[in-house]
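I have placed the structure first, in the form of C-alpha cells, so that the comments after it can refer back to it.
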Amino acid sequence: MAKYPFKDIEKKWQQRWEDEHTFRAVEDERFPKEKRRYVLDMFPYPSGAGLHVGHPEGYTATDIYCRYLRMNGYNVLHPMGFDAFGLPAENYAIQTGTHPAVTTYANIDRFRTQIKSLGFSYDWSREVTTCEPEYYKWTQWIFLQLFKKGLAYEAEMPINWCPSCKTGLANEEVKDGHCDRCGTKVVRKRIRQWVLRITAYAERLLADLDTLDWPEPIKLMQRNWIGKSEGATVRFAIADFAASASADAAKSSAPDDQLEIYTTRPDTLFGATYMVLAPEHPLVPQITTAKQRAAVEAYIEEAAAKSDLERTDLAKDKTGVFTGAYAINPVNGARIPIWISDYVLISYGTGAIMAVPAHDSRDWDFAKKFNLPIIQVVAGPDETGPFDREPKACTEAEGVAVNSGQFDGLPTAEFKARISEWLEERGAGKTAVNYKLRDWLFSRQRYWGEPIPVVHCEKCGIVPLPEESLPLTLPEVNSYTPTGTGESPLAAIPEWVNTTCPHCGGPAKRETNTMPQWAGSCWYYLRYLDPKNPAAFADRSKIDYWMPVDLYVGGAEHAVLHLLYSRFWHKVLYDLGLVNTDEPFMRLVNQGMILGEDNQKMSKSRGNVVNPDDIVEKYGADAMRVYEMFMGPLEVSKPWSTAGLVGVSRFLERVWALSERPIAEGPLSPELEKLLHKTIKKVTNDTATLNFNTAISQMMIYSNELAKLESIPLAAWEPFARLIAPYAPHLGEELWSRLRHADSVSRADWPLYREELTHDEEKEIVVQINGKVRSKFSAPAGTSKETLIEMAKTAEKITEWLSGKEIVKSIAVQDKLVSFVVR
RNA sequence: GCGAGAGUGGUGGAACGGCAGACACGCCAGACUUAGGAUCUGGUGCCUUUCGGCGUAAGGGUUCAAGUCCCUUCUCUCGCACCA
C-alpha cells in the first residue's frame, strides 16, 4: 500500500486552483442577496517570525465554512490581505538599518507563501496591503472626511507615552499601565496630538451592540469600555468667592463662582460632607487660600509627576490637600470644605465630585484618613435608626433616604428622579450621562505609518490637503529612529516638511505625526470589495452587493481595539452615505488560542513554538487543517499535541488507503446506507454551525466502517469524498478526480441526506429502577409509552428487581427509556 | 476588588435534563512485517473474585432522572481596575 503522497497532491491542486482562478469571487447578479456570503478573516500583521500555528486555526475554520457554502450554492467572498504598517517592522528596521518597507514586503511574501501552502480558498486577486500608497490613499481620504466632520482635532494633552517605542499610545493600547506592544511601563507626557472624536459615537457604539450576533463576553467588554453611567450634574456655590474671573473654566459650563460635579447618586446629596477636585481642575488656583497655597501647589506638582499607574493601581491609599475654600450644598446650605486629590480624575465627568463617605468606599477611605465627617443618608430595609451617629461602615447599596429633609423615606430610585427635578427647577443641576470612553489618540510619533494629510499654515492654521492630491506618500528618511521628543522622524526632513498651503499658497509645514497601526485595519474589509478602484475606496454597487460581513473570525485580543475602532469608522462612513449598513460585522466568532504542548502560551522564550511550515512539510496541509479543527471547539483555547496530529494524519492515510480499494457498484447494505445518511446529516449540521471537531469525528466513524469492506461501494464513497473536501481539500480533489470528475470538487453539490434514513427502526430502551439503569431492551421506534412500560416490566432482570416491590410511578420517554419508582 | 468564562479518564475532548467518557491520543495484550512515526485485531474511568458499588472541582438542593437546572464554596483563565 502506497503512502499518501500529500506533497505531490497538495502542490498539484494548489497549482490548479491558481491557474483556473477557482476561487475568484464575481459580483454575479444571478445570486440573490440571501445566496451571497461575505466571510472574513482578521488579516495578519506579517511579523518577521512568520506564520504561527494560531493563524491557520481561524483561517481553516472560515475556509471550511466557505467551501461548504459554495457547495451549497452560495456566492462567497473570502479575501485575504496584510496589515503592514506598524511598530514591529519599524523597530526591526531601526535595529538592522534596513528600510521597513523592505522587511515588510519580505515578511508579506513569506506569509503569503505560508498561507497558500495550507490550501485556503481565498480570492487572491483581491489582496490588499495597508502600507501601499494605493491603499493608504483611501485611509488618508477617510481621515479627511473625519476631519471635515469635526471628528478629528488637534489637542495638546497629557497622554500615555511609551518610552521604549517612543510614541504616544491610545488608552486601548495600555494594559495594566504597560505598553501593550513592548511591555514597557507607560509614562505621562504632554504633547500635541491628533485625536478622533469617538466619544461622539459612544451612545450608538453602545446601543448597536444589541443588534450584533457577537460573543456576549466581547459585547460586554465593549459595553464596559464605553462605560455609560447615568446620574446628575449638580452645582455647588463656592463660599466667599473673590478670585479674578479670568479663569478658563473650560471643563465646566457653570459660572466661575460655582463648582459643577457629576454624581450617579444624587439621592445622597444630603450626605455630602466635602468636595474633591482633580489636581488639574482649572478652579483650583482660584479658590485656594493664601494659607493653603504652598501645600496645594506642592501636591499638584507631585500628582503631575506620577504616572497613571502610580495614581491608580499602586496607590489605593488616598492622598490629598485642603484648598482652604468651602462650597455650599444646594440642598441644605451646608458649608463643606473643598479638597484636591488625585483619586478624582480630570478626564471624567466634570473633574470634581461631591464626597459622600457614608455611601462611597473611596470617599469613605478618604474621610477616614483625613478625619472628615460622615453622615448616613441611606438606610437599609431593616435599619430602624436613629441615624444621628456616624455609621460603622460604608454602604453603597440602595435603600431608603434618611437625614435628607423633605425627601426622607424615599427609595433610592424614586429619590434620584425627584431630586433631579428639584435641582433643575432651581437651576442647580440636571440629569446627565457620562461615558468612560475617551477620544481616540490617533497620532504616533513614528515613521512607519500613514502620514496625516494636513499642513500647518501660519495664516490659515490647519489645512487639509485636497483629496485630489492624495496619497501623501511617506518620504525616504536617513534614520527611522524616533526622536523621543514627541516629533516623528519625518520632522527631520525639511524638504518634505516645508510645503505650501493648499489654501493660501503661503509657506506651510506638513504634519509630521503618522497614524496608528489601527488606521489601515479600520476599513480593509471595504477595500477587498473593490481593491483596484482608483476613484473611490470601493464602488457603491459592490458595497451593496456584498456588505455587511456575514461572519468575521479572529482573536479576542481585538475586543476593544480594532473591533471598536472599525465600528466607529464604519458608522461615520454610514452617516456620510458611503456604506449601506451602520455596522460592518454582523456575526463575530473568536477562535481560542493554541497553546504549546506544555499548556503554556507559545513563546520563543519557552521554546514551545510550533512552526506550521514543519507540520506541512512532514504531515501535509490537510493533516494540519484537520488536526487544528479536531483539537476541540473553535472558540476555546487548547494545547497543541503532535501525537494528536499524528492521529489525524493516520485518519487521512486510511482514507487514502480506502481509495485504493476496488470500487463496488450496486446498492448499499441498509446498515451502511443509514450510517451514510447519519454522517451526511451530522457533518452538514456541524459544518454549518462551525462544530468542526464533531463533524470530523463522525467522518472517522464512517471511514472506520468503510474500512471493514473489501471493496467500497461507489454510492458510499462518492458522497464521502464531497463531505471531506472542505476539510481536506487537496485529498478531496484527488478522491473526486479519481472518481472521474473533471471539475473541481469545490464546485460539486454538497451531498443531501434523507431524514427518514437517519433514524433507526429499532431503539434500545433503557430500564431504570429508582434512577439506576438495570436493564435494556430493544423496541421499534415510535413504540407508545404504555407499551414500553409493559415491555419493560418483563425485561431481563427487571422481573427480579420488581418482585415483592410496589411500583409507585412509571415514566416512559419514547425511544429512550422507562423509569420505575418502586418501594 | 468588580465583571465574564471554564473545571469531565493518564491526555485532547463527546454528551436535546434520559445508558457519562463518542472520536482521537496514550497505554496493555496479540497478529503481521523489507524494524516503521509502521499496519491490523482486541482491551482500556475507579473499586470489587462475582453480584455490584463509586464516579463529571467540593458541598448542598430541585427532579423518577443532574456533567447539564438552582444555591454555597474552591481553583484556573481572561477583561477592567479610584470612571464618582
Side-chain angles (χ1 to χ4, degrees), chain A residues 1 3 175-177 215-225 227-229 231 261-265 268 276 308-309 311-313 315-318 341-345 347-356 359-363 365-366 396 434-438 556-557 559-560 592-593 595 597 599 601 618-619 627 630-633 635-651 653-654 657 691 693-701 704 707 764-776 808-813 815-822:
Chain A
M1 182 181 69
K3 262 185 86 84
K175 305 271 180 227
D176 288 332
E216 227 24 75
I218 298 288
K219 290 208 237 182
L220 190 64
M221 277 165 72
Q222 291 211 352
R223 284 191 192 107
N224 291 341
W225 191 261
K228 181 178 182 175
S229 78
I261 60 97
Y262 171 73
T263 177
T264 55
R265 291 294 299 272
T268 60
V276 188
D308 275 0
L309 190 67
R311 278 179 67 153
T312 58
D313 281 29
K316 293 286 186 194
D317 56 316
K318 303 281 182 285
S341 171
D342 61 10
Y343 85 89
V344 173
L345 307 175
S347 52
Y348 183 79
T350 62
I353 62 156
M354 65 171 189
V356 185
H359 305 292
D360 182 291
S361 60
R362 299 154 301 183
D363 297 344
D365 293 345
F366 192 85
E396 298 184 340
N434 260 301
Y435 300 90
K436 289 192 209 174
L437 183 72
R438 306 292 146 81
E557 66 274 19
V560 289
M593 217 182 324
L595 306 168
E597 299 228 30
N599 232 311
K601 216 168 172 170
K618 255 177 134 172
Y619 301 94
Y627 171 61
F630 186 62
M631 291 170 81
E635 299 85 353
V636 308
S637 293
K638 53 243 163 201
W640 179 269
S641 156
T642 298
L645 169 79
V646 171
V648 166
S649 170
R650 287 208 280 256
F651 161 61
E653 290 280 358
R654 279 198 296 272
N691 294 116
N693 55 330
T694 46
I696 293 164
S697 150
Q698 184 64 36
M699 288 190 275
M700 287 173 169
I701 292 169
N704 288 345
E764 191 180 48
I765 307 297
V766 167
V767 187
Q768 296 181 348
I769 308 278
N770 288 344
K772 291 202 190 304
V773 178
R774 296 301 183 189
S775 183
K776 294 167 187 178
V808 184
K809 198 170 176 187
S810 308
I811 300 115
V813 179
D815 297 342
K816 284 262 162 59
L817 62 75
V818 174
S819 181
F820 292 117
V821 186
V822 303

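Just so we're on the same page: letters track the sequence lines, and every chain starts at 1.
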Exercise. Would you say the base of B:G18 and the side-chain of A:Q768 have a donor-acceptor pair closer than 3.5 Å?
Worked result: yes
For this session: Decide yes or no, distance alone: a donor-acceptor N/O pair under 3.5 angstrom between the base of B:C80 and the side-chain of A:K436.
Result: no
For this session: Return the nearest nucleotide to the side chain of A:L220; candidates are B:C25, B:A81, B:A4.
Result: B:A4
For this session: Provide the distance between the two P atoms, one in B:C40 and one in B:U33, to the nearest whole Å.
Result: 16 Å
Exercise. Does B:C54 have OP1 or OP2 sitting under 4.0 Å from an N or O in the side chain of A:K772?
Worked result: yes
Exercise. Do A:K809 and B:C64 share a donor-acceptor pair, side chain to base, under 3.5 Å?
Worked result: no
For this session: In whole angstrom, give me the gap between the C1' atoms of B:A22 and B:C69.
Result: 24 Å
Problem set entry | Distance, rounded to the nearest Å, where A:L817 contributes CG and B:A20 contributes C1' | 15 Å
For this session: Applying side-chain hydrogen bond (donor to acceptor under 3.5 Å, both in side chains), name anything that partners A:Y262, two or more places apart in sequence or on another chain.
Result: A:S229
Exercise. Expressed in angstrom and rounded to an integer, what is the separation of A:N224 atom CG from B:A4 atom P?
Worked result: 9 Å
Exercise. Should the pair A:F366 and A:Y343 be assigned to parallel (<30°), tilted (30 to 60°) or perpendicular (>60°) ring geometry?
Worked result: tilted
For this session: Would you mind reading off the distance between A:I769 atom CD1 and B:G53 atom P, rounded to a whole angstrom?
Result: 12 Å
Problem set entry | Residue mapping more 5' on RNA chain B - nearest nucleotide basis, A:N693 or A:A352 | A:N693
Exercise. Using atom C1' of each nucleotide, how far apart are B:G7 and B:C47 to the nearest Å?
Worked result: 24 Å
Exercise. Can you find a side chain N or O atom of A:K175 that sits less than 4.0 Å from OP1 or OP2 on B:C80?
Worked result: yes
For this session: Return the 5'-most residue of the pair A:V813, A:S229 with respect to RNA chain B, ranking by each residue's nearest nucleotide.
Result: A:V813
For this session: For the residue pair A:R774 and A:F820, establish whether any side-chain heavy-atom pair is separated by less than 4.5 Å.
Result: no
Exercise. When the P atoms of B:U8 and B:G12 are considered, how many whole Å apart are they?
Worked result: 7 Å
For this session: To the nearest Å, give me how far apart NZ (A:K318) and C1' (B:G1) are.
Result: 12 Å
Exercise. Counting only side-chain N and O atoms of A:R774, is one of them less than 4.0 Å from OP1 or OP2 of B:G53?
Worked result: yes
For this session: Pick base, sugar-phosphate or nothing for A:D363, based on heavy-atom distances below 4.0 Å to the nucleic acid.
Result: nothing
Problem set entry | d(CG, A:D815; P, B:C19) in whole Å | 14 Å
Exercise. From A:K638 NZ over to A:M593 CE, what is the distance, rounded to the nearest 0.5 angstrom?
Worked result: 10.5 Å
Exercise. Using a 3.5 Å cut-off on both pairing distances, which stems of three or more Watson-Crick or G-U pairs include RNA chain B?
Worked result: B:1-7 with B:74-80, B:10-12 with B:23-25, B:26-31 with B:39-44, B:45-47 with B:52-54, B:57-61 with B:69-73
Exercise. What nucleotide among B:C64, B:C40, B:C23 has an atom nearest to a side-chain atom of A:R654?
Worked result: B:C40
Exercise. Is there a donor on the side chain of A:E764 or the base of B:C19 sitting less than 3.5 Å from an acceptor on the other?
Worked result: yes
Exercise. Expressed as a whole number of Å, how far does the C1' atom of B:C46 sit from that of B:A20?
Worked result: 14 Å
For this session: Give, for atom CE of A:M354 and atom CG of A:D363, the distance between the pair rounded to the nearest 0.5 Å.
Result: 9.0 Å
